[in-house]
Participant: 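Sharing a structure here in structure tokens format.
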Amino acid sequence: MTTKLQDTRTTIARAVVGRERELTLVLAAVAAGRDVLLEGPPGTSKSTMLRAITEHWGVPFVLVEGNAELTPARLVGHHNPARVLAEDYSAENFVPGPLVEAMRTGGFLYIEELNRAPEDTLNVLLGAMAERAVTVPRVGTMAAESTFRVLASMNPFDNVGTARISDSVYDRWNRLAVGYQTAQEESDIVARRTGCTDTQLITDGVELTRATRSHPELRRGSSVRGAIDLVAIAVELQKITPDAASDHSGHTQVVLDAALVALSARVGVDEASDATPEQVITEIWENHFFSAPGGRRRARTA
């Protein structure tokens, strides 16, 4: 006999490609009333899983981007300055921030890039997580609804503009490491997101994108979003130049052009390399289409 939670998981899984184990673990954690930190590279269906859960449960999904501008006042809320001048401080002229909004509505507060948020903001957040309530001066204490959860994500491989997460912060979270999906799952995602039915084009786009994650001259590879955009752009290029894309040579050129546009901003060249993103992407393209397995036939071209 299946339980209600099993039925919930089965229904939610229809909105997510793959991620069966991760979805089960996240669902178990939030059903147990716990807060969850998803740690992994971008484009790995972290927010997709959480949105699917909130949509099924019918609770709000409150998204906040972690950055230096996410001050405690922005997170909690503030009093309307114009009304304060006219009326003085009161509960009526308090404008709730995303934290208070999620607590009042029993929603999921989801903070992207948690390790980019200032330390004093994290302290306010951790207090709300521990007490399930927040006290606002001149307003009072606001208690959270029972379905309120705090969820967050962070990319452990990005060290630009980020801060080290302290042990006290980690101690408040249930952490789940999330990696890249399989090639087949990423192909399914690309097909679903683009509507493309050309399986060869999807395979080429996914394989080129995945190759950026292991190239020795790249410190950062592209997420599946790069493959989605590559295929979407390639489809439009085929419409604009149908004759050029009618044979294998034309197909490979369309893939290269689309890859240069879709991937060049999503990869990061290692500081020790003198290559440009375009050169590395072109090399990956050449190795994919023209090199024999296990070897490279052509040298890099610009």
Side-chain angles (χ1 to χ4, degrees), residues 10-23 40-52 55-56 63 112 153 155 178-215 218 220-268 277-293 298 301:
T10 300
T11 301
I12 295 172
R14 299 191 186 109
V16 183
V17 176
R19 293 290 176 225
E20 294 183 4
R21 175 178 176 273
E22 292 86 351
L23 178 58
T44 48
S45 300
K46 297 187 291 294
S47 61
T48 301
M49 283 193 293
L50 301 177
R51 286 184 186 275
E55 287 176 5
H56 180 78
L63 175 64
E112 284 192 316
S153 68
N155 177 8
V178 179
Y180 287 112
Q181 286 149 298
T182 66
Q184 183 57 58
E185 288 170 345
E186 291 195 341
S187 294
D188 292 344
I189 291 170
V190 172
R192 180 181 294 191
R193 293 286 298 277
T194 64
C196 178
T197 57
D198 186 339
T199 56
Q200 185 57 57
L201 175 58
I202 292 174
T203 298
D204 291 335
V206 168
E207 290 187 5
L208 262 64
T209 300
R210 292 176 67 86
T212 65
R213 302 169 195 164
S214 57
H215 194 281
L218 296 179
R220 183 186 76 250
S222 172
S223 72
V224 70
R225 296 187 186 111
I228 293 170
D229 286 1
L230 191 162
V231 170
I233 292 169
V235 168
E236 298 306 316
L237 284 173
Q238 290 173 341
K239 295 177 183 177
I240 296 171
T241 57
D243 293 337
S246 60
D247 56 16
H248 178 72
S249 176
H251 170 79
T252 59
Q253 186 61 47
V254 163
V255 171
L256 173 61
D257 292 340
L260 291 172
V261 174
L263 301 179
S264 59
R266 289 185 164 98
V267 300
E278 288 77 13
Q279 287 175 320
V280 175
I281 291 168
T282 300
E283 180 182 292
I284 290 173
W285 168 81
E286 290 176 333
N287 292 335
H288 174 69
F289 282 109
F290 304 109
S291 295
R298 300 177 65 177
T301 58

Participant: Out of curiosity, Arg225 CZ to Leu263 CG, how far, rounded to the nearest 0.5 Å?
Facilitator: 13.5 Å
Participant: Taking all heavy atoms of Ser223 and all of Gly43, pick out the closest pair and write down the distance.
Facilitator: CB-CA, 3.8 Å
Participant: Measure across Ser187 and Val206 and return the closest heavy-atom pair with its distance rounded to 0.1 Å.
Facilitator: OG-CG2, 3.7 Å
Participant: Please lay out, stage by stage, how His288 and Val255 fare under the test side chain to side chain contact (heavy atoms under 4.5 Å, CB included).
Facilitator: CA-CA 11 Å; His288 174 69; Val255 171; 6.0 Å; no
Participant: Is Asp188 close to Gln181 at the side-chain level, that is, under 4.5 Å between some pair of heavy atoms?
Facilitator: no
Participant: Just by distance, do the side chain of Ser222 and the backbone of Thr209 share a donor-acceptor pair under 3.5 Å?
Facilitator: no
Participant: At their closest point, which heavy atom of Leu201 faces which heavy atom of Val235, and how far apart are they?
Facilitator: CD2-CG2, 3.9 Å
Participant: With rounding to the nearest 0.5 angstrom, report the CZ to CG distance, Phe289 to Leu256.
Facilitator: 9.0 Å
Participant: Using 0.5 Å steps for rounding, measure from the CG atom of Asp257 to the CD atom of Gln253.
Facilitator: 4.5 Å
Participant: Hey, does Arg51 have a side-chain heavy atom less than 4.5 Å from the side chain of Leu63?
Facilitator: yes
Participant: Considering all heavy atoms of both residues, which atom of Ala211 and which atom of Ile284 are nearest to each other, and what is their separation?
Facilitator: CB-CG2, 3.6 Å
Participant: Which distance, rounded to the nearest 0.5 Å, do you find between the CG of Leu23 and the OG1 of Thr48?
Facilitator: 11.0 Å
Participant: With side chain to side chain contact (heavy atoms under 4.5 Å, CB included) as the criterion, how do His215 and Val267 come out once you've worked through the C-alpha distance, each side chain's angles and the decisive distance to 0.1 Å?
Facilitator: CA-CA 10 Å; His215 194 281; Val267 300; over 6 Å; no
Participant: Under the salt bridge (charged side-chain N to carboxylate O under 4.0 Å, His left out) criterion, do Arg210 and Glu207 qualify, and how do the steps go?
Facilitator: CA-CA 5 Å; Arg210 292 176 67 86; Glu207 290 187 5; over 6 Å; no
Participant: Between Val17 and Ser45, is any pair of side-chain heavy atoms under 4.5 Å apart?
Facilitator: no
Participant: Would you indicate whether Arg220, at its atom CZ, is surrounded by more than 12 heavy atoms from other residues, nucleotides or ligands within a distance under 6.0 Å?
Facilitator: yes
Participant: Between atom CD1 of Ile228 and atom CD of Glu186, what is the distance when rounded to the nearest 0.5 Å?
Facilitator: 9.0 Å
Participant: Between Leu218 and Thr212, what is the shortest heavy-atom contact and its length?
Facilitator: CD1-O, 3.4 Å
Participant: Less than 4.5 Å apart, side chain to side chain, heavy atoms only: is that true for Val178 and Ser153?
Facilitator: no
Participant: Does any donor atom in the side chain of Gln200 or His251 lie under 3.5 Å from an acceptor atom in the other side chain?
Facilitator: no
Participant: Determine the minimum heavy-atom distance between Cys196 and Ile202, stating which atoms define it.
Facilitator: O-CD1, 3.5 Å
Participant: Atom CH2 in Trp285, atom CG in Leu260: separation rounded to 0.5 Å?
Facilitator: 9.0 Å
